[in-house]
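See structure below.
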Amino acid sequence: MAKRWYQANIVPRRVASAQRSTQRLLAPIGQAFPALFAARADSERWLAGQWTMRWFYSAQVMGPALLAWVAAVTLFIWNVRALEPVWRSMRSGYSAMRWIVGKVVGLPEMVRSWENATDVFHGIRPVLVAAFALMVWPVLRRAGIALADLIALSPADQGQGSVAEAKFSNYASGWPVAALMLCVSECGRALKRWQEGPPTAPPPVISLASVERVVWSAHLARYKDARLRRPQRKLLQDHAAQVVGALRAAEAQQHIDPETALRTLSDLLLTIAERYAEGRLGVLLDEEQINDAAPIVPHAGLRFTAVGLVVVAVVAGAVFAGVPEPAIVALLPLSVLGGAMFLNRGKAPTPSELTHLLIPR
């Protein structure tokens, strides 16, 4: 009864609100870039508008839910007495960690005390249980994903493709399209101000920082990273690096020709939104759109800092352990190489770079 009343009275209002929000977002795009926008919006296969509408539909629930969660966490932290269970759990976790470390440290002594097959079985039993759990975990994860997909849509909504089928998961998966369309709308408003403003008005400068974050995490939002094997993730990450490089090159053109740069940026962003909505994450931009833009390494500063910390920790540990100085000299380039490869997604240097690294001139 309550569900029928909700579907008959509340759902149509939510759909209408999502449609109005989408129209307000897309209006500046159509006004500033009529030919560019019409070529896509008039197509029957243009899914970016539908994804944007679904995001607005799910945001009507997720927005207040997130605010309520933030308020609950704030009140929980504000009440100091409510943190006592947390401190107790942290102390118990510390005790458990000490127990695990003690078992690991005492492993050689335990192995020497084995006398028969029964002792061996009792000793390796935790390892067997852990190995079995690692084997079963992928199966359970796939089953959970399939069950979540079945629950995500009710039987009445499956196959209809309506806005009302948007669930909580659409808030995360639809945000990349909404963020891209928001940036395109901002480009349209900036272009209109630039064209209608006085000649002495400062040129518009649109930041693509939020768009870059969306591109980096597009495969996580679209696939939740659970169905992608490591080679597939690496392929999508490498393509995202090229796309971000093309976006930065187009963003820099705002300081040369603002009007042309805004149109180019809008074209690129609309293409990325369209390809994301279609599920074509391996070709968010065409080769001619990327051109010769250099790929961007994400969080390069943090990576270099992490490599430096790893090298310092390795060298300090070697000195503390009493490793001879010649061995430390040889360990230094190896630690730099290993840390760089680990933090740079396994990309090894070229043979010439490796030679110069291991054999200083």
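Any value given below was found using the heavy atoms of this structure, including those in side chains, with hydrogens, waters and symmetry copies removed. Everything numeric in this text was worked out from a predicted model, so none of it was measured.
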Margin query: Among residues at least two apart in sequence or on other chains, which ones pass side chain to side chain donor-acceptor pair (under 3.5 Å) with Q253?
Written below: none
Checklist line | L236 side chain reached by R233 side chain, heavy atoms, under 4.5 Å | finding: no
Checklist line | Basic-acidic side-chain contact under 4.0 Å: R263, D267 | finding: no
Note to self: Show me the pairs that pass ring-ring contact (aromatic ring centres under 6.0 Å, His included) and involve residues 248-276, at least two apart or across chains.
What the structure shows: W51-Y276
Item checked: I29 vs L26, side-chain contact (heavy atoms from CB on, under 4.5 Å): CA-CA, chis, key distance, verdict -> CA-CA 5 Å; I29 304 176; L26 301 183; 4.0 Å; yes
Checklist line | For F37, all residues meeting ring pair (Phe, Tyr, Trp, His ring centres under 6.0 Å), sequence neighbours excluded | finding: W46
Checklist line | Considering all heavy atoms, the nearest A250-L268 contact | finding: CB-CD1, 3.8 Å
Item checked: Interatomic spacing from CD in E186 to CG in L265 - rounded to 0.5 Å -> 10.5 Å
Check: Which heavy-atom pair separates V214 from A179 by the least distance, and what is that distance?
Finding: CG2-CB, 3.7 Å
Notebook entry, point to check: Can L220 be reached from L235 by stepping across I, L, V, M, F, W or Y side chains whose heavy atoms are under 4.5 Å apart?
Noted result: no
Distance-only donor-acceptor hits, side chain of residues 277-284, under 3.5 Å, sequence neighbours excluded:
from	atom 1	to	atom 2	distance (Å)
E278	OE1	R280	NH1	3.3

Identify all side-chain donor-acceptor contacts of residues 205-213 below 3.5 Å with residues at least two apart in sequence or on another chain.
from	atom 1	to	atom 2	distance (Å)
S207	OG	A209	N	3.4
E212	OE1	R248	NE	3.4
E212	OE1	R248	NH2	3.0
E212	OE2	R248	NE	2.8

Next item on the list: Drop me the distance from Y57's OH to T22's OG1, to the nearest 0.5 angstrom.
Entry: 13.0 Å
Note to self: Show every salt bridge (charged side-chain N to carboxylate O under 4.0 Å, His left out) that has at least one partner inside residues 282-299, sequence neighbours left out.
What the structure shows: R275-D286
Notebook entry, point to check: How about L247 and E251: do any of their side-chain heavy atoms sit closer than 4.5 Å?
Noted result: no
Next item on the list: Sequence neighbours left out, what passes side chain to side chain donor-acceptor pair (under 3.5 Å) with T271? Give chain and number order.
Entry: R40
Notebook entry, point to check: Between CG of L285 and CG of L269, what distance do you get to the nearest 0.5 Å?
Noted result: 9.0 Å
Notebook entry, point to check: If we only count heavy atoms from C-beta on, is the L36 to S266 side-chain gap below 4.5 Å?
Noted result: yes
Notebook entry, point to check: Listed by chain and number, what are the side chain to side chain donor-acceptor pair (under 3.5 Å) partners of R189, not counting sequence neighbours?
Noted result: S185
Checklist line | By side chain to side chain contact (heavy atoms under 4.5 Å, CB included) - contacts of P295 (at least two apart) | finding: A241, Q242
Margin query: Looking at A18, is its backbone amide N or carbonyl O close enough to the side chain of S21 to form a donor-acceptor pair, meaning the two atoms are under 3.5 Å apart?
Written below: no
Check: Can you name the residues that form a side chain to side chain contact (heavy atoms under 4.5 Å, CB included) with P204, not counting sequence neighbours?
Finding: A190, W194, P258, L262
Next item on the list: Please test L191 against F33 for side-chain contact (heavy atoms from CB on, under 4.5 Å), starting from the C-alpha separation and ending with a verdict.
Entry: CA-CA 9 Å; L191 179 60; F33 315 107; 3.4 Å; yes
Next item on the list: Only counting residues at least two apart or in another chain, list the ones meeting side chain to side chain contact (heavy atoms under 4.5 Å, CB included) with A273.
Entry: A48, V177, L180, M181
Margin query: Is it the case that the side chain of S17 and the backbone of R13 share a donor-acceptor pair, with hydrogens and angles ignored and the cut-off at 3.5 Å?
Written below: no
Margin query: Run Q50 and L47 through side-chain contact (heavy atoms from CB on, under 4.5 Å) and show every step you take.
Written below: CA-CA 5 Å; Q50 299 180 22; L47 301 177; 4.0 Å; yes
Margin query: Between L270 and L182, is there shared hydrophobic-cluster membership here, with clusters defined by ILVMFWY side-chain heavy atoms closer than 4.5 Å?
Written below: yes
Check: So, do W216 and V243 sit near enough that their side-chain heavy atoms are less than 4.5 Å apart?
Finding: no
Check: Quick one: side chain to side chain donor-acceptor pair (under 3.5 Å) partners of Q254, sequence neighbours excluded?
Finding: none
